[in-house]
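Worksheet: one structure, shown below.
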There are 2 protein chains.
Amino acid sequence: METENQNLIRSAQLLRSFWNVQKNIMRIVQKTAIENGLTVPQYSILMVIILHEDMTQKIVGEKTFLPKSTLSQAVDGLVRAGLLHREPVEGNRREIQLTITEKGKSLLKAIHMHEGSIHHSFQTVLEMLTKEQFQALVDTHLQITNHLEAQATEQGECSE
Amino acid sequence: METENQNLIRSAQLLRSFWNVQKNIMRIVQKTAIENGLTVPQYSILMVIILHEDMTQKIVGEKTFLPKSTLSQAVDGLVRAGLLHREPVEGNRREIQLTITEKGKSLLKAIHMHEGSIHHSFQTVLEMLTKEQFQALVDTHLQITNHLEAQATEQGECSE
DNA sequence: TTTGAACTGTTCCAAAGTGAACAGTTATTT
DNA sequence: AAATAACTGTTCACTTTGGAACAGTTCAAA
């Protein structure tokens with residue numbers, strides 16, 4: 001069973017290679033978040049909301065995959081800091097609309113420009129990669145993500 | 001400045017693509033850890049130690065990038081659970097040698113075999129990728145990791 | 001040898017994260 | 001209409017995390 005052993009080694013290698021990148025991403029994100037008085041979940045929430053300016057808390061939860069309780073408290077902090085505006089959705093008093101304030105927008109903009117931010121770092125990463133490398137990377141990641149998520153729902157169903 | 005804007009979009013895309021994979025990895029790792037009565041740091045520690053069977057706590061810290069305090073407490077739990085053996089390095093009473101016990105080895109082996117483990121999942125991922133895709137992925141990840149780490153030390157020096 | 005600096009690991013505590021129970025709202029069934 | 005189930009978000013209690021102070025060890029210089 002040499003090939004099987006080979007596969008185990010390769011899968012560990014793949015895992016480590018993701019892990020090494022992630023380690024660096026988290027280091028940068030964490031540093032940026034703390035420097036701006038945010039927690040990591042709060043920073044994630046802002047980054048998701050800035051994409052659409054306006055989302056329900058439910059949608060934010062789906063995008064960030066944060067637990068409801070974490071999300072609720074993180075949003076609370078952001079509202080108290082004046083970075084987010086929170087109001088009930090009209091026509092559905094269950095859901096809550098989250099809007100980024102001007103203060104929130106300018107904070108995020110400042111963060112993105114700043115030398116050590118994750119976006120800034122990743123822009124320099126981009127400069128290093130060829131167009132083909134970039135595309136291959138994103139494509140393969142998508143393939144892996146889809147596979148892992150399919151596997152999850154599959155097993156979720158089977159276990160019942 | 002169209003290209004600059006392009007770059008910002010691409011860097012966000014790259015970040016999201018890593019994030020999506022990582023989300024799934026963490027979901028699987030966390031599930032596996034909990035099912036086996038471990039915390040995520042503890043699971044990480046075991047995975048690192050199994051590679052060499054025998055390491056100082058210092059080295060484990062360097063590999064896993066866990067804070068010293070987290071590492072210390074996680075190891076303590078593993079020792080109490082009988083999965084790890086801990087003894088002072090002879091000739092250097094500062095460092096501590098960590099050895100995986102038979103119980104630890106068999107637990108990890110059982111985990112790796114198990115359907116939902118991260119290693120198992122990643123083996124099925126491997127089957128999906130071509131050899132070239134795999135190699136390109138690992139290579140690009142390494143390139144990115146090196147770049148980000150170089151950037152970190154660079155900035156660390158400059159800021160002084 | 002003594003002093004002081006650097007190293008390795010532990011302890012403590014404040015902060016952050018999260019599952020579970022909950023409250024209120026909406027949709028569906030009887 | 002009433003009852004029930006599903007949904008959305010909050011609260012609370014508990015666990016985990018990680019920075020800072022610490023204790024003991026080693027090394028180098030005086």
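Just so we're clear, the structure is a prediction, and the values are computed from it rather than from any experiment. So that the names make sense, note that chain A is the first sequence line, chain B the second, and so on, each numbered from 1. Reckoned from all heavy atoms, side chains included, excluding hydrogens, waters and symmetry mates.
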Identify every side-chain donor-acceptor pair in residues 62-73 of chain A under 3.5 Å, counting partners at least two apart or on other chains, and give the distances.
residue, atom, partner, partner atom, Å
A/T64, OG1, A/V60, O, 2.9
A/T64, OG1, A/L66, N, 3.3

Checklist entry - Are the ring centres of A/F18 and A/H141 closer than 6.0 Å? => result yes
Checklist entry - Under 3.5 Å, is there a donor-acceptor pair between the A/Q135 and A/D139 side chains? => result yes
Item to check | Reading 5' to 3' through nucleotides 18-23 of chain D, protein heavy-atom contacts under 4.0 Å coded B for base, S for sugar-phosphate only, - for none | outcome: BBB---
Checklist entry - Below 4.0 angstrom from OP1 or OP2 of D/dT26, is there any side-chain N or O of B/R93? => result yes
Next on the checklist: Distance check needed: D/dT25 P versus B/I96 CD1, whole Å only.
Outcome noted: 12 Å
Next on the checklist: Could you tell me how far apart A/R94 (CZ) and C/dT25 (C1') are, to the nearest whole angstrom?
Outcome noted: 6 Å
Item to check | Stretch residues 39-59 of chain B: residues that reach within less than 4.0 Å of DNA chain C through a heavy atom | outcome: B/Q57, B/K58
Checklist entry - Can you tell if the side chain of A/F122 reaches within under 4.5 Å of the side chain of A/I25, non-hydrogen atoms only? => result yes
Checklist entry - Given atom CD of B/E95 and atom C1' of D/dG24, what is their separation to the nearest angstrom? => result 14 Å
Checklist entry - Considering only heavy atoms from C-beta outward, does the side chain of B/E95 approach that of B/T56 to under 4.5 Å? => result yes
Item to check | Euclidean distance, atom CZ of residue A/F65 to atom P of C/dG17 [Å, nearest integer] | outcome: 18 Å
Checklist entry - With sequence neighbours excluded, what pairs up with A/K105 under the salt bridge (Lys or Arg N to Asp or Glu O under 4.0 Å) test? => result A/E53, A/E102
Checklist entry - B/Q97 and B/Q57: side chain to side chain donor-acceptor pair (under 3.5 Å), yes or no, with the steps? => result CA-CA 6 Å; B/Q97 194 76 23; B/Q57 188 163 316; over 6 Å; no
Compile the donor-acceptor pairs under 3.5 Å between side chains in residues 83-90 of chain A and protein atoms, sequence neighbours left out, one pair per line.
residue, atom, partner, partner atom, Å
A/R86, NH1, A/D76, OD1, 3.3
A/R86, NH2, A/D76, OD1, 3.0

Checklist outcome for this item: From CG of B/D76 across to P of C/dG9 the rounded distance in Å is 14 Å
Next on the checklist: In the structure I gave you, are the side-chain heavy atoms of A/E149 and B/K23 within less than 4.5 Å of one another anywhere?
Outcome noted: yes
Next on the checklist: Within the structure provided, determine whether B/I118 and B/T32 are in side-chain contact (heavy-atom separation under 4.5 Å).
Outcome noted: no
Checklist entry - Given atom CG of A/L71 and atom C1' of C/dG19, what is their separation to the nearest angstrom? => result 15 Å
Next on the checklist: Heavy atoms within less than 4.0 Å of DNA chain C: which residues of residues 82-92 of chain A have one? Give them sorted by number.
Outcome noted: A/N92
Checklist entry - Just how far, in rounded Å, is P of D/dT17 from CE of A/M26? => result 13 Å
Next on the checklist: Is the distance from the ring center of A/H114 to that of A/H119 below 6.0 Å?
Outcome noted: no
